[in-house]
Undergrad: 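Pasting a structure below so you can have a look.
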Protein chains: 2
Amino acid sequence: MIQDTISSIKPLDTVAMEKCQIRLDNLTKPLGSLHALEHLARQLSGITGNPRPRTLKKSILIMAGDHGVATEELTASPQVATVQRVHQLSQGSAAINIFAAHVAADLLLVDMGIADEIPSLPSVRNEKIACATNNITQGPAMTREQAIKAIEIGITIANEEIKKGANVLGVGEMGIANTISSAAIIACYSQVPVATLAGEDSNLSQGLFDKKVAIINHSITINSPNRNDPVDVLAKLGGFETAGLVGVILGAAAGKASIVLDGLVTSAAALLAVKMAPQVKDYLIGSHFPPEPAHKVALDLIGIPAHLHLNISSGEGIGAALGMSLLNASLHVLNDMKTFGDAEVAVAQDGPGALKQDKNVKD
Amino acid sequence: MIQDTISSIKPLDTVAMEKCQIRLDNLTKPLGSLHALEHLARQLSGITGNPRPRTLKKSILIMAGDHGVATEELTASPQVATVQRVHQLSQGSAAINIFAAHVAADLLLVDMGIADEIPSLPSVRNEKIACATNNITQGPAMTREQAIKAIEIGITIANEEIKKGANVLGVGEMGIANTISSAAIIACYSQVPVATLAGEDSNLSQGLFDKKVAIINHSITINSPNRNDPVDVLAKLGGFETAGLVGVILGAAAGKASIVLDGLVTSAAALLAVKMAPQVKDYLIGSHFPPEPAHKVALDLIGIPAHLHLNISSGEGIGAALGMSLLNASLHVLNDMKTFGDAEVAVAQDGPGALKQDKNVKD
């Protein structure tokens with residue numbers, strides 16, 4: 001199933017993108033002046049195969065799982081916090097409910113491996129593979145079979161959302177200690193020292209920070225993941241939610257849906273997905289920069305930008321929802337602005353031409 | 001009038017801010033996890049004097065003016081481009097019309113000194129002080145009297161908008177070569193070398209870039225502005241639109257309205273306003289980072305952040321409009337999220353407490 005999904009990921013529709021670019025270049029503004037918003041509009045046209053996509057149908061998928069490494073007690077949040085947040089989200093009282101509503105995105109939380117049993121709740125889907133991963137300081141987080149199963153669940157869920165009409169999938173996550181797991185994954189592919197990767201704008205004491213760095217280094221040493229085999233890296237260092245996200249990302253790309261990333265855990269999943277299928281990159285859209293520097297390292301390894309510096313540390317897809325609002329803005333530019341032809345601006349003969357030659361030059 | 005305005009600028013309402021903070025700290029999320037959005041909500045409460053401001057009434061003021069230094073022919077845009085853009089904006093076909101509509105902001109363009117005569121147009125106000133400033137490579141841009149008059153016009157316009165109900169004023173600008181003027185202003189207050197300040201992500205040839213740096217340095221040398229007298233710096237190196245923006249910013253702060261900045265020219269104006277009245281800083285809200293590094297230098301000198309990295313080079317208030325959408329998001333958090341009390345989450349006895357102690361720690 002994974003190989004079928006990967007082999008069905010197509011390159012972007014360059015004909016649609018060229019037509020989109022022609023419209024962008026004819027809008028009544030200096031050429032290229034809206035930069036990232038124009039890039040996003042062009043990317044959306046390439047993904048959808050439509051030179052002028054009008055509307056987006058959005059869905060935010062939040063994968064949740066617990067991590068054995070949380071027993072190392074590096075974070076102030078106990079694992080029970082995950083259960084609380086699941087209830088809040090299901091009740092509509094979590095932050096992501098507000099943000100998702102404001103971009104008209106559906107919201108689904110998937111229990112990929114929360115330590116506690118979750119009762120049946122609205123907007124929560126049970127795909128629990130196990131009650132938390134194993135402690136990566138002592139061995140692999142999960143078996144290869146579990147990793148593959150979690151990826152396949154992610155693919156299945158992405159396919160279902162796309163079948164329901166979604167063409168933009170936001171990804172988010174919940175899981176105590178999953179930033180440790182994600183930093184370890186990213187460290188396998190980066191030359192950046194773990195002590196730099198693992199830094200964050202938090203109140204971790206020097207002692208706890210040193211312990212975090214030691215845990216990441218030790219987890220990599222003891223598991224010796226094979227970086228040429230992303231599933232091996234995922235199984236040894238990842239989380240069930242991370243594996244589910246890898247599947248969502250692969251499935252979305254195969255189904256020609258844009259993927260809007262959130263924070264560190266989603267960028268680690270995206271990095272693994274790109275290692276499995278490089279063509280996934282074209283479907284990825286970065287949103288914000290959370291406090292963890294490993295996130296930017298992962299985006300740089302993938303080769304995509306992010307746009308929002310708000311220092312939001314929540315995860316849960318909030319960055320993805322804010323990123324979706326930038327996609328909306330890009331389509332407002334593409335669809336609502338007038339072209340020089342439409343506008344019939346009363347100008348001197350060389351007027352619009354002069355404006356249109358104004359590429360990247362700020363007046 | 002300027003001194004009266006400055007002396008009527010009050011500190012933020014710390015009682016309202018503390019009440020706002022209590023609500024933020026009781027929302028069903030980890031303490032401080034929405035970082036910049038929480039800062040913005042708290043700032044809005046301090047500015048409005050309301051612990052829980054519900055709605056914002058927004059207005060975007062775009063000041064336009066031409067610059068004598070444009071005759072040095074550093075930019076690809078001819079001055080006539082300004083006239084075209086004024087027409088587009090008045091017709092509703094400029095990019096800013098779309099962005100302003102999406103945040104429900106009123107839009108007013110003020111001709112502070114466009115080189116050409118502008119006919120009477122909807123949404124365009126004539127306050128022309130002169131047809132372009134003088135070339136700053138040969139002497140002062142304007143007289144001190146002109147600078148003061150332009151500031152007073154800006155104050156008057158801000159007052160009018162506030163009287164009409166606005167409590168958030170976005171600022172934008174139009175004017176060929178005004179980034180040169182603004183970089184020169186910022187250079188007066190910064191230790192950053194002009195060659196670094198003047199850089200931008202554009203297609204300027206090395207020869208033109210060197211010329212730009214030489215023009216900025218020469219303009220400062222020949223005019224010897226007194227950095228302890230911001231009006232002197234403004235008159236010698238600024239533009240009529242820059243001076244108008246200084247007035248808008250002072251007037252907005254005096255009228256307890258938030259000021260959402262746009263790109264480089266607005267940050268240069270804000271820097272001068274803060275030099276005239278340091279308490280203005282509390283009313284300023286950064287939005288985006290345009291390609292010009294001098295913008296970030298100015299924000300750092302003022303001591304405020306910006307949040308959007310989109311490389312938008314348009315000016316015209318587009319960054320301010322996008323910044324307003326972040327203000328909306330901050331009020332959605334403040335008003336639409338539930339508190340732990342509201343949510344009545346079924347939790348273990350120590351549950352919400354554990355979450356609330358989770359300050360700045362990503363799980």
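Just so we're clear, the structure is a prediction, and the values are computed from it rather than from any experiment. In what follows, every chain begins at residue 1, and chains take the letters A, B, ... in the order their sequences are listed.
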Undergrad: Name the one of B/L37, B/L334, B/L31 that satisfies side-chain contact (heavy atoms from CB on, under 4.5 Å) with B/L24?
TA: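 Only one of B/L37, B/L334, B/L31 forms a side-chain contact (heavy atoms from CB on, under 4.5 Å) with B/L24, namely B/L334.
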Undergrad: Which one, B/H67, B/H307, B/H39, leads in non-hydrogen pairs under 4.5 Å with chain A?
TA: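 Looking at each of B/H67, B/H307, B/H39 in turn, B/H307 comes out on top.
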Undergrad: Taking all non-hydrogen atoms of both residues, which atom of A/M337 and which atom of A/R23 are closest, and how far apart?
TA: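 Nearest pair, atom of A/M337 first, then A/R23: O-NH2, 3.0 Å.
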Undergrad: Examine whether an atom of B/A306 lies under 4.5 Å from a heavy atom of chain A, and if so say whether it belongs to the side chain, the backbone or both; otherwise answer neither.
TA: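 Interface part for B/A306: backbone (N, CA, C, O).
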Undergrad: Under a 4.5 Å cutoff for heavy-atom pairs, which residue among B/L322, B/I312, B/L310 has the most contacts with chain A?
TA: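 The residue among B/L322, B/I312, B/L310 with the greatest pair count is B/L310.
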Undergrad: Kindly assign one of parallel, tilted or perpendicular to the pair B/F289 and B/H295, based on the angle between their ring planes and the thresholds 30° and 60°.
TA: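 Rings of B/F289 and B/H295: perpendicular, over 60°.
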Undergrad: Given that the side chain runs from C-beta out, which part of B/L326 has a heavy atom under 4.5 Å from chain A: side chain, backbone, both or neither?
TA: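 Side chain only.
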Undergrad: Pick one of side chain, backbone, both or neither for B/L34, based on which atoms fall under 4.5 Å of a heavy atom in chain A.
TA: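 For B/L34, backbone and side chain are both near chain A.
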Undergrad: How close do B/S182 and B/L264 get, counting heavy atoms only, and between which atoms?
TA: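 Closest heavy-atom pair between B/S182 and B/L264: CB-CG, 3.8 Å.
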Undergrad: Looking only at non-hydrogen atoms, find the nearest pair between B/A321 and B/V103 and report the distance.
TA: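 Taking every non-hydrogen atom into account, O-CG1, 3.5 Å.
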Undergrad: Considering only heavy atoms and a distance below 4.5 Å, find which of A/T82, A/L308, A/N97, A/V83 pairs most often with chain B.
TA: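 Highest number of heavy-atom pairs under 4.5 Å: A/L308.
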Undergrad: I'd like to know whether NZ of A/K211 has more than 12 heavy-atom contacts from other residues, nucleotides or ligands below 6.0 angstrom.
TA: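 Buried by this count: over 12 neighbours within 6.0 Å.
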Undergrad: At a heavy-atom separation under 4.5 Å, does A/I318 approach chain B through its side chain, its backbone, both, or neither?
TA: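 Just the side chain, heavy atoms under 4.5 Å.
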